Amino acid sequence: MPKYNPAEIEPRWQRFWDENKTFKTPTEVTGEKLYALDMFPYPSGEGLHVGHPEGYTATDIVSRHARMVGKTVLHPMGFDAFGLPAEEHAIKHNASPREFTEKNINTFVRQLKDLGFSYDWDRQISTTDVDYFKWTQWIFLVLFDTWFDADQQKGRPISELPIPTEIKESGEDAVRKYQDEFRLAFESHAPVNWCPALGTVLANEEVVDGLSDVGDHPVQRMPLRQWMLRITAYADRLESDLDQVDWPEGIKKLQCDWIGRSTGAEVDFFIGDNDQFEPWKKTRTENGFPRNLPDDALRVYTTRPDTLYGATYMVIAPEHGAVEKLTTTEQAPAVKKYCDDAAMKSDRDRQDDRTKKTGVFTGSYAINPINGQPVPIWVADYVLASYGTGAIMAVPAHDARDFEFAKTYDLPIIAVVLPPAKSEIDQAKLMAGEICFAGVGTAVNSEIYNDLPTDEFKNKIIETLDSAAVGCSAVNYKLRDWLFSRQRFWGEPFPILHELDEAGNRTGIMRPVPLESLPVDLPFVEDFKPHGRPEPPLEKADDEWLYPVIDGKKYKRETNTMPQWAGSCWYYLRFIDPDNASAFIDPELEKQWMPVDLYIGGAEHAVLHLLYARFWHKVLFDRGHLHTPEPFKKLVNQGMILGDVEFTAFRDTNEQWVSAELTCENDERKTVLKSTGEELHVVKLDPEQAEKEGDNFVLKSDQQIRVDSRAYKMSKSRGNVVNPDVIIAEYGADSLRLYEMFMGPLHQSKPWSMAGVNGVRNFLDRVWRMLVEEKAEELCLSSAVGDHSPTDEQVRMLHKTIKAVSKDIETLGFNTAISRMMEFVNFFTKQSERPKSLMEPFILLLSPFAPHLAEELWKLLGNDSSLAYEPWPKFDESLTVDARVEVPIQIMGKIKSKVSIERGKSAKELETIALQDPKIATLLEGLTVRKIIAVPDKLVNIVAN
RNA sequence: GCCCGAGUGGCGGAAUUGGCAGACGCUCAGGAUUUAAAAUCCUGUGUCCUUACGGACGUGCGGGUUCAAGUCCCGCCUCGGGUACCA
């Protein structure tokens, strides 16, 4: 009994593809190329999750389709394998992170092959391969060798950096140190996330709400020598080049917001005696606006220079360099205490305190350059040292934070912007300082600028400030430079040597490891357990590794390692030329294949990975190593696959049911009674126990009790994780692929449903039976399939299907493509004659979606080679439309009748046909026809009363 | 708070430029086949009224534009995601 048996078919075809290298990338691109890329996975110990194959199936369908339309396809897969979990595992089990990682990669490869993806496995790479990270280190050295020329907006070799004469005269070391200040990769003393409980430093992404992602321990900020990458230099290009790519608008916006470009002005407030203000202004006008701020002024950044007349006080960050200088002796103890407290505060505490504003008066005043008014200077932690100039002019009438602060400390509030007339803001309250208005409007209380609209005012006042040399227009970004080092073992070592003096101390001179000495491999380290101090584990390497001697000089290797992002910043380039031993990529191949045409992955990488990769790409582009300014032409984010829908009900301590709308979640994520906070039992219901009542679900046994119905994110703790291995074993890989595509639109998140998997399996069974004689002893074609000449109707069915499926693959509308194929099968299983000439093209249509089954049936239809490169079926437009159409006839927009007519009737003819329709004629009796709208082949609407 | 995204049957979801709401699948019900079951095949399945013929209502809510609105405009509500003192 030859039943559809994926467990037998699928491994057989996977072996066939493997042995015949069916999906090996051609060495030459002929005709059009397609580079279809998945965001490569982190090979976790848990193995593949059903979320992975969603995007992978999508790119696989696109790739398989592209091969059939004659494109040359690059479709690779690799692994982003550095990272904390492997290191943690190694510490716990006293094992090697490399072995653990390799084991996990093997599992992933096995699982991916089980799904029948058409990857070119000869190009498999892992970021942990020594041959791979050799080039990651090389790219780091490119960054190290590059400075950003702001005038040309371009990264250039450090050797081209203009050196001031006085530096040049001070000798070679001075020049090297000067250059070091401009490199895109540079050292700095930055605060890091130090977690005392875990005894380790954490990456930002491992800190959630000021607590460690693992174990919820508090995290402190402490300064440490770190490597930084000057991504801020590329902020403008990273923002403006988004115009060149075909990405979802939402993702572009996320990146823009993350870059956070804002325009405004820097303004200097004079610090000194009142009678010195006029002379100061005069000197300024004469000497111009100083690039480096002199001691006699406090510089602020504002996006609203138009509110300068409303600045009633100033605030500097507790970490601001001028705090001490500005603090009067009288205020010194209070200010010192405040700043010390702020430094001690963990991020968590700062978050908790965010709602209430605190601060302390320094005792000094600054003079507003526009009106000569003295304003008090405060210190407060709601101003960040790391943004703008670390100081602000506070305009409480027009900024919510300043308003709150002014109310707390009873500072004056002066309104200087009137809201537009149609606004609902209460003007009287605004003028009285009772409310705050942050929008735009027209100026008031601003002397000669009164009545100017905000925008005009801004431009005018920047001009004024500029000509008086007390301010200038300025741009700021939320984007910070990228903290690029980690104090971990399992990452790429930096290819940097620090020169040591006789005593073994760093001289401050750095030397890149030369290309011929790359890669710098990870040394053997006995034990990389955290030891309570934030020193990198590589400090424990033996002296031979740690202290190389070159040309008689002793060096110490850099012992920080790169973050996990490093390897994923350029892997898409290496896939093009994975075995190149002499370069990171062959320039000719790069020209052939770049950019990536389609890039699919999760939205969790919308900002960081995509921004970092674009940054590296631009640096490599500037330095002439690449020919495209952007790496990823089209980007699609797949939605999240949630667990099966769950029904939950709640019981109180007396075992009484509590209706869902009376409950809420408390801070500890426990479900409690809204009114009393009493903790409730959460009861998972069988779907049978719930039923729909109005807009909600209720208990069948007590319809007064509302229950919760929703799908949750899959998680181990919730126990709703679906393992792809299990689905493949039970339904087959083709069913899993098809189901994940059939669930809904690719970009949308959607709940898993086992019944749905069964549904698509049913469809594949029907495909099988459409062609296979199930009752026969041996595998053979169904008697219905043969060399019949097809009927018109059958031909139309095929051509309609080809058209729809082809279009849907192009727009990535896989769910509707599948439903069209279902319609085809539903139609033909009812036909007693199924012409082979129509069955063959159908199998080709199905093949990108369910490749194993398609290959099997293709062979059964008498073909002896793989269908992977068969030409994609073509359709004839004229054969996709029916000769007759059914046209609804409406009266006043309501359908009253339908007529079947020949396609292509004119509006005039339609009108006549509609009025002659007996049913319509009866209904129109006694009514006056006012107007008839007839849309050919669509509908007729009669307006009558 | 702010910024995105989404609300369509019991469920997942379909619906070129406004033009037959509910394609396709699941679920459920009935029937055929079968000694029986599984499998398969057929029929039905938005809500309400009606014995029926048929009719009324219906795309989160309230308004509007239009011959015609799931689709366009205005005002809300709910859910999901992101982000958080960025001046």
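Quick note on labels: first sequence line is chain A, next is B, and so on, each numbered from 1. Since the model is a prediction, treat every value here as computed from it, not as a measurement.
- If you measure from atom CZ of Arg480(A) to atom P of A84(B), you get 11 Å, rounded to the nearest angstrom.
- Checked by atom type and distance alone, the side chain of Asp481(A) pairs as donor or acceptor with a backbone atom of Ile231(A) at under 3.5 Å.
- Among the heavy atoms of the strands lying under 4.0 Å from Ser262(A) are primed sugar atoms or P, OP1, OP2 only; no base atom is included.
- When Watson-Crick and G-U wobble pairs are counted only if both distances are under 3.5 Å, C61(B) pairs with G75(B).
- Computed from coordinates, the Gln748(A) CD to U8(B) C1' distance equals 12 Å when rounded to whole Å.
- Here the separation of G46(B) from C53(B), taken at their P atoms, is 15 Å to the nearest Å.
- Going from atom CG of Asp399(A) over to atom C1' of C2(B) covers 14 Å, rounded to whole Å.
- The C1' atoms of C20(B) and A14(B) are separated by 14 Å, rounded to the nearest whole Å.
- Nucleotide G22(B) forms no Watson-Crick or G-U wobble pair with any nucleotide shown, as no partner meets the under 3.5 Å limit on both distances.
- The C1' atoms of U8(B) and A23(B) are separated by 13 Å, rounded to the nearest whole Å.
- Rounded to an integer number of Å, the gap from Arg761(A) CZ to A39(B) C1' is 12 Å.
- As the counterpart of A29(B), U43(B) is assigned, both hydrogen-bonding distances of the Watson-Crick or G-U wobble pattern falling under 3.5 Å.
- Taking atom P in both A21(B) and G13(B), the straight-line distance is 23 Å, to the nearest Å.
- Across the C1' atoms, A69(B) and G62(B) are found 16 Å apart, a figure rounded to whole Å.
- Base pairing annotation: A84(B) forms no Watson-Crick or G-U wobble pair, as no partner gives both donor-acceptor distances under 3.5 Å.
- Of the charged side-chain nitrogens involved, at least one lies within less than 4.0 Å of a carboxylate oxygen, so that Arg261(A) and Asp236(A) count as a salt-bridged pair.
- Following rounding to the nearest Å, Asp808(A) (CG) and C24(B) (C1') show an atom-to-atom distance of 12 Å.
- Contact annotation: Asn941(A) side-chain N/O to G19(B) OP1/OP2 distance is not under 4.0 Å.
- Applying the 90° cutoff around 0 to the glycosidic angle, G9(B) is assigned syn.
- Whole-Å rounding puts the Lys713(A) NZ to G81(B) C1' distance at 9 Å.
- Straight-line distance from the CZ atom of Arg820(A) to the P atom of U16(B): 12 Å, rounded to whole Å.
- In terms of polar N and O atoms assigned as donor or acceptor, the side chain of Lys357(A) comes within less than 3.5 Å of the base of C85(B) in a complementary pairing.
- The nucleotide whose nearest atom lies closest to any side-chain atom of Lys938(A) is, among C67(B), C24(B), U17(B), U17(B).
- To the nearest whole angstrom, the two C1' atoms, one in G60(B) and one in C77(B), are 7 Å apart.
- Between Tyr731(A) and Tyr739(A) there is no side-chain heavy-atom pair separated by less than 4.5 Å.
- Straight-line distance from the CD1 atom of Ile895(A) to the C1' atom of G54(B): 16 Å, rounded to whole Å.
- The partner of G9(B) is absent, by the rule that a Watson-Crick or G-U pair needs both atom distances under 3.5 Å.
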